[in-house]
J.: 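Below is the structure I would like to discuss, written out as structure tokens.
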Amino acid sequence: MDILPQISSLSGELLSWYDRHHRDLPWRISPPMAARGIRPDPYHIWLSEVMLQQTTVPAVKAYFAKFLKRWPTVRDLATAPTDDVMAAWAGLGYYARARNLKKCAEAVAAEHGGQFPETEDGLRALPGIGDYTAAAVAAIAFNRQVAVMDGNVERVISRLYAIATPLPAAKPLMKQKVALLTPADRPGDFAQAMMDLGATICTPKRPACSLCPFNNACEALRLHDPEHFPVKAAKKERPVRQGAAFVAVNGDGEIYLRRRIASGLLGGMTEVPTTGWTARIDGETSATAAPFPADWQVAGTVTHVFTHFELRLSIYRAQVASKIASNDGWWEPVTNLEAQALPTVMKKAIAQAIPRAFSKASTYISGHNS
DNA sequence: CAGGCGTGGCC
DNA sequence: TGGCCAAGCCT
């Protein structure tokens, strides 16, 4: 008995499921549209894929619309000021993505005539495009028969074959399985179908196996334990760091801001002056670490959770009579803060000191001060 | 390869 | 309510 018919049957079942249950997304050409000959815009696919790296669909939608309206083509993005791109990305997180997004747009404009490369290897060579994004753009935008594997696909495949090897060691085997399933016809839809399946049916908790097109073949379901897969290495605990942030306002209603260095945590983003963020030390962080002398008043505490540590920031506020001479920052009208490249942790710090600084103040104020 | 790198929503 | 998670990339 030949095994190929069964494999093609699985991908056929999935595509049939996708035709009926695909999600409608702003960057996606749905099967009915594709049937009318509409092709995806590679710029839209690339932009959405970068935004979706480690980020949820609901969080991405507004940013995707904003970027497309402001920079309709990759050439527009290539010529945009980097500061504008960083400010537009503010709040979405993982800011290296924004820096690389700009670099990638410049490379496409300058080295590829404004057209994205159509091959996985060509895409993979661009800044911010790794194995997943290269395969996703090649498959979805250019209909290339390549294996696309993200976190969703890993979950689906690990369950379908009950792969007990922990991630990330199991990735090569899992990618091999994906490659065997990927059809020559509609590889882009197949990739999107696998991700939709993982996002809506084969979910991390309480998967809806009764609705799954693979439920007749799924080894993890046969073992009555789909949630057991994928197996992952144990996570490390998150350390606590602490520091202080200083919010100074002058008589003209301006706040003192600085630019962070281009690399590392929140690289290239805007901040209020802060101390270093060090391992927690018992005792109060004092105002003696302020960027310049002023009547610094305690304004409370802000807690912010990053991926690899938790930050507790003591907030200090000062009203200053005149603009302190400074060589590393600038004074910005408080009324213009929404246009700045302020990451969420900095908006929290500013909102703690100046509750009316942002229109969505409650978004940034926890209510637990000290 | 393992660690650095954000944020908001969910149960 | 706090731990967990979400379409990864880079070094």
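Below, read A as the first sequence line, B as the second, and so on, with proteins coming before strands; counting in each chain starts at 1.
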J.: Which of these nucleotides, C/dC4, C/dC10, C/dA6, is closest to any side-chain atom of A/N100?
T.: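 Ranking C/dC4, C/dC10, C/dA6 by closest atom to the A/N100 side chain puts C/dC10 first.
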
J.: Are A/L160 and A/F229 in one and the same hydrophobic cluster, where Ile, Leu, Val, Met, Phe, Trp and Tyr link if side-chain heavy atoms are under 4.5 Å apart?
T.: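 No, A/L160 and A/F229 fall in different hydrophobic clusters.
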
J.: Does A/G91 reach a base, just sugar-phosphate, or nothing at all? Heavy atoms under 4.0 Å.
T.: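 The residue A/G91 makes sugar-phosphate contact but no base contact.
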
J.: Specify the separation, in whole Å, of atom CD of A/E310 and atom P of B/dT7.
T.: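 Interatomic distance, CD of A/E310 to P of B/dT7: 14 Å.
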
J.: Reading DNA chain C from 5' onward, which residue's closest nucleotide shows up sooner: A/G198 or A/G128?
T.: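 The 5'-side residue here is A/G198.
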
J.: Can you tell me how the ring of A/F116 sits relative to the ring of A/W46, calling it parallel under 30°, perpendicular over 60° and tilted otherwise?
T.: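 Rings of A/F116 and A/W46: tilted, as their planes differ by 30° to 60°.
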
J.: Between C/dC9 atom P and A/R97 atom CZ, what is the distance in whole Å?
T.: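 Those two atoms, CZ and P, are 11 Å apart.
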
J.: On the 0 to 90° scale, with breaks at 30° and 60°, tag the A/W331-A/F292 ring pair as parallel, tilted or perpendicular.
T.: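 Plane angle between 30° and 60°, so tilted.
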
J.: Mind checking the C1' distance from B/dC1 to C/dC10? Whole angstroms is fine.
T.: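 About 13 Å, rounded to a whole number of Å.
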
J.: Okay, side chain of A/T275, backbone of A/A244: is any donor-acceptor separation there less than 3.5 Å?
T.: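 Yes, because the side chain of A/T275 sits within donor-acceptor range (under 3.5 Å) of the backbone of A/A244.
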
J.: Check this one for me: any side-chain N or O of A/H304 less than 4.0 Å away from OP1 or OP2 of B/dT7?
T.: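 Yes.
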
J.: Please determine, by modelled atom types, if A/T73 and A/D76 share a side-chain donor-acceptor pair under 3.5 angstrom.
T.: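 Looking only at side-chain atoms, A/D76 and A/T73 do form a donor-acceptor pair, the distance falling under 3.5 Å.
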
J.: Has A/H308 got a side-chain N or O lying under 4.0 Å from the OP1 or OP2 atom of B/dC5?
T.: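 It does, given that an N or O in the side chain of A/H308 lies less than 4.0 Å from OP1 or OP2 of B/dC5.
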
J.: Looking at the rings of A/F306 and A/H308, which for Trp means the six-membered one, are their centres under 6.0 Å apart?
T.: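 Not under 6.0 Å, so no.
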
J.: If I take atom CH2 in residue A/W89 and atom C1' in nucleotide B/dC5, what distance separates them, rounded to the nearest angstrom?
T.: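 After rounding, the reported distance stands at 13 Å.
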
J.: Just checking A/L25: base, sugar-phosphate only, or nothing, at a heavy-atom cut-off of under 4.0 Å?
T.: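 Base, at least one base heavy atom under 4.0 Å.
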
J.: Rounded to whole angstroms, how far apart are CZ on A/F306 and C1' on B/dG8?
T.: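 For the pair A/F306 CZ and B/dG8 C1', the rounded distance is 14 Å.
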
J.: Could you list by number each residue of residues 339-346 of chain A showing a heavy-atom separation from DNA chain B of less than 4.0 Å, or answer none if no residue does?
T.: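 Heavy-atom cutoff 4.0 Å gives A/P343, A/T344, A/V345.
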
J.: Just call it for A/I129: base, sugar-phosphate, or nothing, with non-hydrogen atoms closer than 4.0 Å on any strand.
T.: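 It contacts sugar-phosphate atoms only.
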
J.: Between C/dC10, C/dG8, B/dT7, which nucleotide has the shortest distance from any of its atoms to the side chain of A/D150?
T.: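 The listed nucleotide nearest to A/D150's side chain is C/dG8.
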
J.: Could you tell me whether A/K171 and A/D131 make a salt bridge, using a distance below 4.0 angstrom between a side-chain N and a carboxylate O?
T.: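 Here A/K171 does not pair with A/D131 in a salt bridge, since their nearest N and O are not under 4.0 Å apart.
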
J.: Is A/R258 reaching over with its side chain to a backbone N or O of A/D328, donor-acceptor style, under 3.5 angstrom?
T.: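 Looks like no, no N/O pair under 3.5 Å.
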
J.: Rounding to an integer number of Å, can you tell me how far A/R155 CZ sits from C/dC4 P?
T.: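 Taking atom P of C/dC4 as the reference, CZ of A/R155 is at 16 Å.
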
J.: Output the rounded distance in Å from NZ (A/K205) to C1' (C/dA6).
T.: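 These atoms are roughly 14 Å apart.
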
J.: Taking the side chain as every heavy atom from C-beta outward, state whether A/W330 and A/L257 have any pair of such atoms under 4.5 Å apart.
T.: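 Yes; the side chains approach each other to less than 4.5 Å.
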
J.: Please check the phosphate of B/dG3 (OP1 and OP2 only) for any side-chain N or O of A/K236 closer than 4.0 Å.
T.: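 For A/K236, the contact criterion (side-chain N or O under 4.0 Å from OP1 or OP2 of B/dG3) is met.
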
J.: Do A/R238 and A/E310 meet the salt-bridge criterion of a basic N to acidic O distance under 4.0 Å?
T.: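 Result for this pair is no, no salt bridge flagged.
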
J.: Would you mind reading off the distance between A/Y94 atom OH and B/dC5 atom P, rounded to a whole angstrom?
T.: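 For the pair A/Y94 OH and B/dC5 P, the rounded distance is 10 Å.
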
J.: Check this for me: does any side-chain nitrogen of one of A/K103 and A/E106 sit under 4.0 Å from a carboxylate oxygen of the other?
T.: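 Looking at A/E106 together with A/K103, the answer is no, because their closest N to O distance does not fall below 4.0 Å.
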
J.: Could you tell me how far apart A/E237 (CD) and C/dG3 (P) are, to the nearest whole angstrom?
T.: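 Rounded to the whole Å, the gap is 11 Å.
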
J.: In what stems does DNA chain B take part, counting only runs of at least 3 consecutive Watson-Crick or G-U pairs whose two distances fall under 3.5 Å?
T.: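 Stem list for DNA chain B: B:2-5 with C:8-11, B:7-11 with C:2-6.
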
J.: I'd like the P distance from B/dG6 over to C/dT11, given in whole Å.
T.: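 Roughly 14 Å separates the two P atoms.
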
J.: Are more than 12 heavy atoms, taken from residues, nucleotides or ligands other than A/R206, located less than 6.0 Å from that residue's CZ atom?
T.: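 Incorrect, the count does not exceed 12.
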
J.: Looking at the side chain of A/P204, which of C/dC9, C/dA6, B/dT7 is the nearest nucleotide?
T.: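 Nucleotide nearest to A/P204's side chain: C/dA6.
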
J.: What about A/T307, does its side chain sit under 3.5 Å from the base of B/dG4 through a donor-acceptor pair?
T.: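 By the distance-only test, no, there is no pair.
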
J.: So if I take residues 45-64 of chain A and measure heavy-atom distances to DNA chain B, which residues fall below 4.0 Å?
T.: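 Going residue by residue through residues 45-64 of chain A, the ones with a heavy atom under 4.0 Å of DNA chain B turn out to be A/Q54, A/T55.
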
J.: If only side-chain N and O atoms count, and only distance matters, is there a donor-acceptor pair under 3.5 Å linking A/E49 with A/Y132?
T.: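 There is such a pair (donor and acceptor under 3.5 Å, judged by atom type) between the side chains of A/Y132 and A/E49.
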
J.: Hey, which of these two, A/R99 or A/P168, hits DNA chain B nearer its 5' end, going by closest nucleotide?
T.: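 First, find each residue's nearest nucleotide; the 5'-ward one identifies A/P168.
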
